[in-house]
2 protein chains.
Amino acid sequence: MTNIRKVAELAGVSVATVSRTLKTPDIVSPGTRDRVLAAVEQAGYRPNLTAVQFRSQRTRNLVVLVPTIANTFYARVIGGLQAAAQRREYGILLCNTLGDERTERAYAGMVSTRQADGLIQLRAYDPFTASDGKARPPMVNACEVLDEAPCPTVRLDNRAAARVVTEHLLALGHRRIGMIKGPRNSPLTRDRLLGFQDALAVAGLTPDESLWCPGDFTPPSGYRAAGDLLARADRPTAIFCENDEMAMGAMRRIKEAGLRIPEDISVAGFDDIAFASFCDPPLTTIAQPAEDFGREAVALLLDIIDERDDAADKHRIMPFELVVRESTGPAA
Amino acid sequence: MTNIRKVAELAGVSVATVSRTLKTPDIVSPGTRDRVLAAVEQAGYRPNLTAVQFRSQRTRNLVVLVPTIANTFYARVIGGLQAAAQRREYGILLCNTLGDERTERAYAGMVSTRQADGLIQLRAYDPFTASDGKARPPMVNACEVLDEAPCPTVRLDNRAAARVVTEHLLALGHRRIGMIKGPRNSPLTRDRLLGFQDALAVAGLTPDESLWCPGDFTPPSGYRAAGDLLARADRPTAIFCENDEMAMGAMRRIKEAGLRIPEDISVAGFDDIAFASFCDPPLTTIAQPAEDFGREAVALLLDIIDERDDAADKHRIMPFELVVRESTGPAA
DNA sequence: TGTATGAGTGTAACCGGTTACATTTTGCTG
DNA sequence: CAGCAAAATGTAACCGGTTACACTCATACA
């Protein structure tokens with residue numbers, strides 16, 4: 001394996017000069033510089049980054065924990081993350097945790113063991129135990145955030161967004177609105193449900209909890225939940241799904257029951273994934289600036305790492321937008 | 001930062017003994033072992049993995065280059081990759097390249113610069129230039145593979161699979177079949193087109209190239225291509241899309257034209273993504289063992305890295321299955 | 001008692017860069 | 001041409017582990 005010593009020998013200079021030629025070319029004389037670069041070329045030399053990282057105690061890598069990359073919303077967030085990191089010359093180590101806490105802690109350990117300089121967590125779970133004490137590695141929590149996050153966060157005002165969707169349905173005359181919830185312990189689930197209730201309360205309606213069905217953010221769970229809602233004698237005239245994937249499942253179930261969307265029943269989702277505008281009918285949903293979540297998270301994390309910041313408890317709220325398509329219409 | 005010397009001092013032993021206690025506990029005496037472990041606990045010691053990697057010249061990390069993680073098929077492949085790697089105590093560094101060659105080369109450089117021990121490429125592009133010469137880093141190419149791959153490959157017999165889909169359409173009586181292709185220079189596109197032609201040839205039909213539309217594996221491109229096909233006076237009675245995402249776009253366009261699927265026109269896809277069974281109507285497509293692609297790729301790569309293997313030109317062909325759903329029916 | 005054996009532990013070299021400090025070379029001025 | 005500052009380059013310590021080799025000491029056996 002060619003190392004810096006081989007190159008130095010080849011160029012007839014010291015290792016320090018080789019290092020300087022590659023890192024700060026302006027402080028070596030032009031003649032030497034040419035000779036060294038030729039030797040680098042000839043030897044096919046690539047610096048051993050492991051050695052550099054070891055020496056500098058900096059890896060310029062960031063670990064990103066994603067609950068599931070299969071979700072197209074997260075895929076967009078990651079796109080934003082990567083672009084931002086690349087611009088600052090940081091690499092992204094992407095970890096698909098599937099929500100498994102053991103896996104999350106294992107990957108988070110890459111920061112404790114100095115394989116990465118910081119961590120971006122896209123789920124409301126803190127992989128560092130109390131025993132890590134005050135020496136908490138640099139971390140940012142985005143998208144689904146902890147209530148009392150021990151770090152900066154980037155999130156949507158999910159409650160307000162859910163309220164806007166619900167108000168849209170209410171404005172269309174819907175009074176019995178079904179709700180398909182996300183995973184039980186997710187703050188997203190809770191906040192979106194709260195926003196839903198807020199809107200009902202403002203409209204002077206008493207919420208009917210029997211219309212709230214459990215789901216897990218996957219199409220099959222939306223399919224099942226919709227089945228339960230349709231089986232009722234007093235089925236709702238609209239269903240608000242806490243994400244688009246469940247809305248897709250719900251729409252499938254509604255069609256199998258021989259009902260029309262939105263004539264017989266309206267459906268609204270959340271996230272505005274790529275398929276939302278291509279399903280039948282196109283889905284009314286909440287659009288989020290997914291890429292910006294990634295960008296912001298990187299910016300905040302690098303602030304901590306570079307200690308440009310002391311507070312370290314900045315919290316960003318990203319904007320959302322209701323996208324009205326054809327899956328919602330006037331109540332029958 | 002607590003390091004091994006601090007722990008050694010705390011336990012009253014040498015650094016070698018600390019190292020041995022953690023790596024080969026059976027060769028230190030029980031008394032010493034307890035003392036060292038207590039010191040490790042007390043100091044909150046985590047070995048600096050960068051130092052370990054540097055010293056051992058092994059990172060136990062694998063780089064995976066994914067064209068786009070937003071594609072749910074790739075997401076499943078990655079799931080398989082991660083599970084397999086974790087079992088062998090390797091980490092996965094996932095890179096979303098978006099097909100950008102500069103990004104791919106940059107991340108592939110992580111192997112040349114010894115930040116990772118090997119590379120799994122899910123796209124038909126070789127990120128190593130000829131100048132890397134015979135010192136090619138360990139690499140495996142999966143899913144979309146190079147024709148003359150300089151490394152082991154894991155792939156589907158795309159040609160045979162496309163032929164099976166086409167035969168299914170022919171058996172339903174379709175004679176004018178439209179084709180929505182993938183990216184121009186992808187071997188997937190070419191092989192699936194070849195299989196399509198194979199089936200037509202066997203059926204004694206002359207292929208009509210004007211029915212082959214360009215696409216790029218995204219829903220909007222399927223939407224546009226379907227528009228072109230429907231605008232023809234002699235529009236096809238079936239459309240074979242080279243992947244499911246384009247099929248979703250095509251179905252949307254067909255419905256907007258007021259046509260029914262499959263009564264007026266049949267649609268078939270490829271990949272069997274999660275939404276394939278939830279769109280309207282559920283999509284006939286080719287299912288691939290996505291997770292197995294990942295598992296196999298890791299197995300082959302570790303064979304090379306551990307030099308269990310000298311040949312290094314093993315090629316695995318994975319099985320596929322035609323999944324007939326409701327988007328295909330008898331020709332009108 | 002002397003010696004061989006082996007378990008347990010310590011010492012220090014090593015991995016490949018970076019960089020503080022020392023040394024040499026160059027350029028300029030009087 | 002001496003003398004000095006500045007520029008260019010070299011020397012070697014250092015990052016934090018791992019491990020070959022050396023050493024100590026208890027035990028077993030002749």
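Chain naming here is simple, since letters A, B, ... match the order of the sequence lines and numbering starts at 1 in each.
One donor-acceptor pair, N or O on each side, does fall under 3.5 Å between the base of D:dG17 and the side chain of B:R5.
Contacts with DNA chain C (heavy atom under 4.0 Å) in residues 7-19 of chain A: A:A16, A:S19, listed by number.
Taking side-chain N and O atoms only, A:T32 has no distance below 4.0 Å to OP1 or OP2 of D:dA8. Taking side-chain N and O atoms only, B:Q53 has no distance below 4.0 Å to OP1 or OP2 of C:dC15. For C:dT9, one of the phosphate oxygens OP1 or OP2 lies less than 4.0 angstrom from a side-chain nitrogen or oxygen of B:S29.
The distance from atom CZ of A:R58 to atom P of C:dT18 is 15 Å, rounded to the nearest whole Å. Look at NZ on B:K6: it is 10 Å from P on D:dG17, rounded to the nearest Å. In this entry the distance linking CZ of A:R60 with C1' of C:dT18 reads 16 Å, nearest Å. Look at NZ on B:K23: it is 12 Å from P on D:dG17, rounded to the nearest Å. Taking atom CZ of B:R55 as the reference point, atom P of D:dT19 lies 7 Å away to the nearest angstrom. When rounded to the nearest whole Å, the span between CZ of B:F54 and P of D:dC15 equals 13 Å. Across the protein-nucleic acid pair, A:D26 atom CG and D:dA6 atom P stand 18 Å apart, rounded to whole Å. Distance A:Q57 CD to C:dT18 P: 14 Å, rounded to the nearest Å.
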Run the side-chain donor-acceptor check on residues 38-45 of chain B: report pairs under 3.5 Å with partners two or more places apart or on a different chain.
none

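Nearest-nucleotide positions on DNA chain C place B:V28 closer to the 5' end than the other of B:A51 and B:V28. Remark on DNA chain D: of its neighbouring residues B:R20 and B:N48, the 5'-side contact belongs to B:N48, judged by nearest-heavy-atom nucleotide. Residue A:P30 is the one, among A:P30 and B:I4, whose nearest nucleotide of DNA chain D lies closer to the 5' end (criterion: closest heavy atom).
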request  = List the steps, then state whether side-chain contact (heavy atoms from CB on, under 4.5 Å) holds for B:L62 with B:L301.
outcome  = CA-CA 9 Å; B:L62 306 177; B:L301 184 57; 3.8 Å; yes

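Between C:dG16, C:dT18, D:dG16, one nucleotide has an atom nearer to the side chain of B:N3 than all others, and that is D:dG16.
Side-chain polar atoms of A:N141 and A:T153 form no donor-acceptor pair below 3.5 angstrom. Neither side chain, A:Q121 nor A:E144, offers a donor N or O lying under 3.5 Å from an acceptor on the other.
A ring-ring contact (aromatic ring centres under 6.0 Å, His included) check over residues 58-81 of chain A, counting only residues at least two apart or in different chains, returns nothing.
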Report, one pair per line, the protein and nucleotides 22-26 of chain D atoms (nitrogen or oxygen only) whose separation is under 3.5 Å.
none

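For B:D147, the salt bridge (Lys or Arg N to Asp or Glu O under 4.0 Å) criterion is met by B:R190, not counting sequence neighbours. Under the ring pair (Phe, Tyr, Trp, His ring centres under 6.0 Å) criterion, B:F54 pairs with A:F54, sequence neighbours left out.
The residues B:D126 and B:R105 are annotated as not salt-bridged, no charged nitrogen and carboxylate oxygen being separated by less than 4.0 angstrom. Salt-bridge formation is detected for the pair A:K314/A:D303: a Lys NZ or Arg NE/NH1/NH2 atom is positioned less than 4.0 Å from an Asp or Glu carboxylate oxygen. Taking the charged nitrogens against the carboxylate oxygens, B:R76 and B:D292 have no contact shorter than 4.0 Å, which rules out a salt bridge.
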